[in-house]
Participant: 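The structure follows.
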Amino acid sequence: MDEDARFYRELPKVELHAHLNGSVSFVTMEKLIKRKPHLNIEHSMTAIGKGQRRTLDECFEVFKVIHKLVDTEEDILMVATDVIREFAADGVKYLELRSTPREEKDTRLTKQSYVETAIKAIQQCKSEGLDIDVRFLVAIDRRNGTEVAMETVKLAEEFMLSSGGLVVGIDLSGDPTVGHGKYLLPALEKAKNCGLKLSLHLSEVPSQLEESDLLLNLPPDRIGHGTFLHPEMGGSQHLVDKVVKNNIPLELCLTSNVKGQTVPSYSQHHFRYWYQLGHPSVICTDDKGVFCTDLSQEYQLAASTFDLGHEAVWKLSQQAIDCIFAEEALKEQLKQKWNELQPQVLNLPVQQV
Ligand SMILES: CC(C)=CCNc1ncnc2c1ncn2[C@@H]1O[C@H](COP(=O)(O)O)[C@@H](O)[C@H]1O
Ligand SMILES: [Zn+2]
């Protein structure tokens, strides 16, 4: 590993936007494929390699394939523990994992046991002594409409109360070209009222101005992507003003957006716009398995594309702590961890006493 890559690996990081089934690595995928040879799934069907791009539709097809491979409690436990260990090995000190509870009649998987198993994986990793704190967001798939969204919020509320603080919020995701946020608003309002935090995929594709405007009134606690919010991308100053006024952090995923072709190139990524505004922007992976990346690589990409030095990168990773959904005490612990690691990672001269 060269010096620069080592810096990004050693940089303590916060990952706030990671879909569980999109984060499955090559190694774990091999294990899943071996478990289910009758499905005839090849690795090329579950990941988008270097230099490759796909349409958004093709990307969502990938998730269907992965869901076939991950359909038992045993699979979920393996996938979740592997994903957490991999993030920890990549220098991630705090992780928020999100996933859509699924029912699979054939394997007797229920939405309840789905979430229970994800929580079990988080607890198991904690007991292994990994240097990472993990929290969970229950995801609403936008295509499933009002009723399922409401049930999902109920489930999330139950787990928020019974998981010892591990379930902290709701994610709204799924194919952005399907469904409309207005049907989900009552469920999202209910979630907010019962103390769940909200991270919403907003304006991931063009022509969602009306929906974004509506959902920004909640307001959400964080925004996923927000690619088409600003005027230069067909959004509007009005939307930007709402985001800025409410100080809503953005979760930005460079490789995901370029490989999914919602952004034409790294240098045209909206990170530039929000970073120049000084608005809280957190670098994230989205789907590290599908897009063949990791968080260190995403930080390195942002730095090389937007000409950020090590100190600016450090600040970026440190500021992400303020955007986490976990309790204040953990925020303080993380800030302290960053302070302790800073001299060594930034290679600062040792202070003379
Ligand atoms: C297609 C593409 C460019 C992907 C990145 N952008 C995304 N936008 C919206 N929802 C997503 C995205 N990536 C993953 N998801 C959601 O996460 C799910 C996979 O993780 P899980 O089963 O919830 O554990 C997908 O089925 C989808 O509902
Ligand atoms: Zn996402």
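Every number for a ligand or one of its atoms is a count from 1 in the order of the listing. Worth knowing before you read on, the calculation uses all heavy atoms, side chains too, and leaves out hydrogens, waters and symmetry mates.
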Participant: Got a sec: is Glu204 within less than 2.8 Å of the Zn ion (ligand 2) via an N/O/S atom?
Facilitator: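 Checking the Zn ion (ligand 2) against Glu204, no N, O or S atom falls under 2.8 Å.
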Participant: Just let me know how Ser99 lines up against ligand 1, side chain, backbone, both or neither, with a heavy-atom cut-off below 4.0 Å.
Facilitator: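 The answer is both.
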Participant: Considering non-hydrogen atoms of the protein only, which is the closest contact for atom 3 (C) of ligand 1, and what is the distance?
Facilitator: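 Its nearest protein heavy-atom neighbour is Leu56 CD1, 3.4 Å.
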Participant: What residue and heavy atom of the protein are closest to atom 6 (N) of ligand 1, and at what distance?
Facilitator: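 Result for atom 6 (N) of ligand 1: Glu204 OE2, 2.8 Å.
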Participant: Indicate yes or no: does Lys36 engage Asp75 in a salt bridge with an N to O separation below 4.0 Å.
Facilitator: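 A salt bridge is present here (some side-chain N lies under 4.0 Å from a carboxylate O).
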Participant: Give a yes or no on whether Lys31 atom NZ has more than 12 heavy-atom contacts from other residues, nucleotides or ligands under 6.0 Å away.
Facilitator: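 Above 12, so yes.
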Participant: Number the atoms of ligand 1 from 1 as they appear, then name those within less than 4.0 Å of a heavy atom of Asp286, with their elements.
Facilitator: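 Contacts of ligand 1 toward Asp286, numbered from 1: 5 (C), 6 (N).
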Participant: State the atoms of ligand 1, each with its element, that fall below the 4.0 Å cut-off from a heavy-atom position in Ser256.
Facilitator: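 Under 4.0 Å from Ser256, ligand 1 has these atoms: 5 (C).
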Participant: Side chains of Asp171 and His17: donor-acceptor distance under 3.5 Å anywhere?
Facilitator: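 No, His17 and Asp171 have no side-chain donor paired with an acceptor closer than 3.5 Å.
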Participant: Tell me the protein heavy atom at minimum distance from atom 19 (C) of ligand 1, and give that distance in Å.
Facilitator: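 For atom 19 (C) of ligand 1, the nearest protein heavy atom comes out as Phe63 CD2, 3.7 Å.
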Participant: Any ion pair linking Glu128 and Arg85 (charged N to carboxylate O, less than 4.0 Å)?
Facilitator: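 Salt bridge flag = yes for Glu128 with Arg85.
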Participant: Is the Zn ion (ligand 2) under 2.8 Å from any N, O or S atom of His19?
Facilitator: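 Short answer: yes, at least one N, O or S atom is under the cut-off.
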Participant: If you stand at the Zn ion (ligand 2) and look out to NE2 of His201 and NE2 of His17, what angle do those two lines make, to 10°?
Facilitator: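 Answer comes to 100°, rounded to 10°.
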Participant: Check each heavy atom of Asp175 against ligand 1 and say whether those closer than 4.0 Å belong to the side chain, the backbone, both or neither.
Facilitator: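 Within the 4.0 Å criterion, Asp175 makes no contact with ligand 1.
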Participant: Would you mind running through ligand 1 and noting each atom that sits below 4.0 Å from a heavy atom of Leu20?
Facilitator: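 Numbered from 1, ligand 1 contributes 24 (O).
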Participant: What protein heavy atom is closest to atom 1 (C) of ligand 1, reported as residue, atom name and distance in Å?
Facilitator: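 Closest protein heavy atom to atom 1 (C) of ligand 1: Cys59 CB, 2.8 Å.
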Participant: Determine whether more than 12 heavy atoms belonging to other residues, nucleotides or ligands lie under 6.0 Å from atom NZ of Lys192.
Facilitator: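 Yes, NZ of Lys192 has more than 12 neighbouring heavy atoms, counting only those of other groups under 6.0 Å.
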Participant: How about His279 and His230: are their ring centroids closer than 6.0 Å?
Facilitator: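 No, too far apart.
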Participant: Taking atom NZ of Lys154 as the centre, does the number of heavy atoms from other residues, nucleotides or ligands within less than 6.0 Å exceed 12?
Facilitator: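 Counting other residues, nucleotides and ligands, NZ of Lys154 stays at 12 neighbours or fewer.
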Participant: What are the atoms of ligand 1, with element, lying closer than 4.0 Å to any heavy atom of Asp287?
Facilitator: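 Once the distances to Asp287 are compared, the set is 4 (C), 5 (C), 12 (C), 13 (N), 14 (C).
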Participant: Could you tell me which atoms of ligand 1, counted from 1 in the order shown, lie closer than 4.0 angstrom to a heavy atom of Asn21?
Facilitator: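 Those of ligand 1 that fall under 4.0 Å from Asn21 are 20 (O), 21 (P), 22 (O), 24 (O).
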Participant: Which protein non-hydrogen atom lies closest to atom 22 (O) of ligand 1, naming both residue and atom, and how far is it?
Facilitator: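 It is His67 NE2, 2.7 Å.
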Participant: Might you work through the ring pair (Phe, Tyr, Trp, His ring centres under 6.0 Å) test for Tyr275 and Phe306, ending with a clear yes or no?
Facilitator: CA-CA 10 Å; Tyr275 187 73; Phe306 303 105; 8.0 Å; no
Participant: Ignoring hydrogens and angles, state whether a donor on the side chain of Glu298 or Thr293 is under 3.5 Å from an acceptor on the partner side chain.
Facilitator: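 Checked: Glu298/Thr293 side chains pair up, N/O donor to acceptor below 3.5 Å.
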Participant: Out of curiosity, is Arg102 lining ligand 1, as in a heavy atom under 4.0 Å away?
Facilitator: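 Contact absent.
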Participant: If we ignore angles and hydrogens, is there a donor and acceptor under 3.5 Å between the side chains of Asn193 and Glu189?
Facilitator: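 Checked: Asn193/Glu189 side chains show no N/O donor-acceptor pair below 3.5 Å.
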Participant: How close does the nearest protein non-hydrogen atom get to atom 23 (O) of ligand 1, and which residue and atom is it?
Facilitator: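 Checking every protein heavy atom, the shortest distance to atom 23 (O) of ligand 1 gives Thr100 OG1, 2.5 Å.
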Participant: Would you check if Tyr273 and Glu232 make a side-chain contact, meaning some heavy-atom pair closer than 4.5 Å?
Facilitator: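 They are in contact (side-chain heavy atoms under 4.5 Å apart), so the answer is yes.
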Participant: Checking a contact table here: which protein heavy atom is nearest atom 10 (N) of ligand 1, and how many Å away?
Facilitator: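 For this ligand atom, the closest protein heavy atom is Gly174 N, 3.0 Å.
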Participant: Can you name the atoms of ligand 1, numbered from 1 with element, that are less than 4.0 Å from a heavy atom of Phe291?
Facilitator: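 Within the 4.0 Å cut-off of Phe291, ligand 1 contributes 2 (C), 3 (C), 4 (C).
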Participant: Around Lys197, counting heavy atoms of other residues, nucleotides and ligands shown, do more than 12 lie under 6.0 Å from its NZ?
Facilitator: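 For Lys197, atom NZ is not crowded (no more than 12 foreign heavy atoms under 6.0 Å).
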Participant: With the Zn ion (ligand 2) as the point of reference, which N/O/S atom of Asp286 is the closest?
Facilitator: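 Within Asp286, restricted to N, O or S, the Zn ion (ligand 2) is closest to atom OD1.
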Participant: Could you check atom 12 (C) of ligand 1 against the protein and tell me its nearest heavy-atom contact, residue, atom and distance included?
Facilitator: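 Atom 12 (C) of ligand 1 sits closest to the protein heavy atom His19 NE2, 3.8 Å.
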Participant: Please check if atom CD in Glu103 has more than 12 non-hydrogen atoms from other residues, nucleotides or ligands closer than 6.0 Å.
Facilitator: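 Yes, because the 6.0 Å sphere around CD of Glu103 holds more than 12 heavy atoms from other groups.
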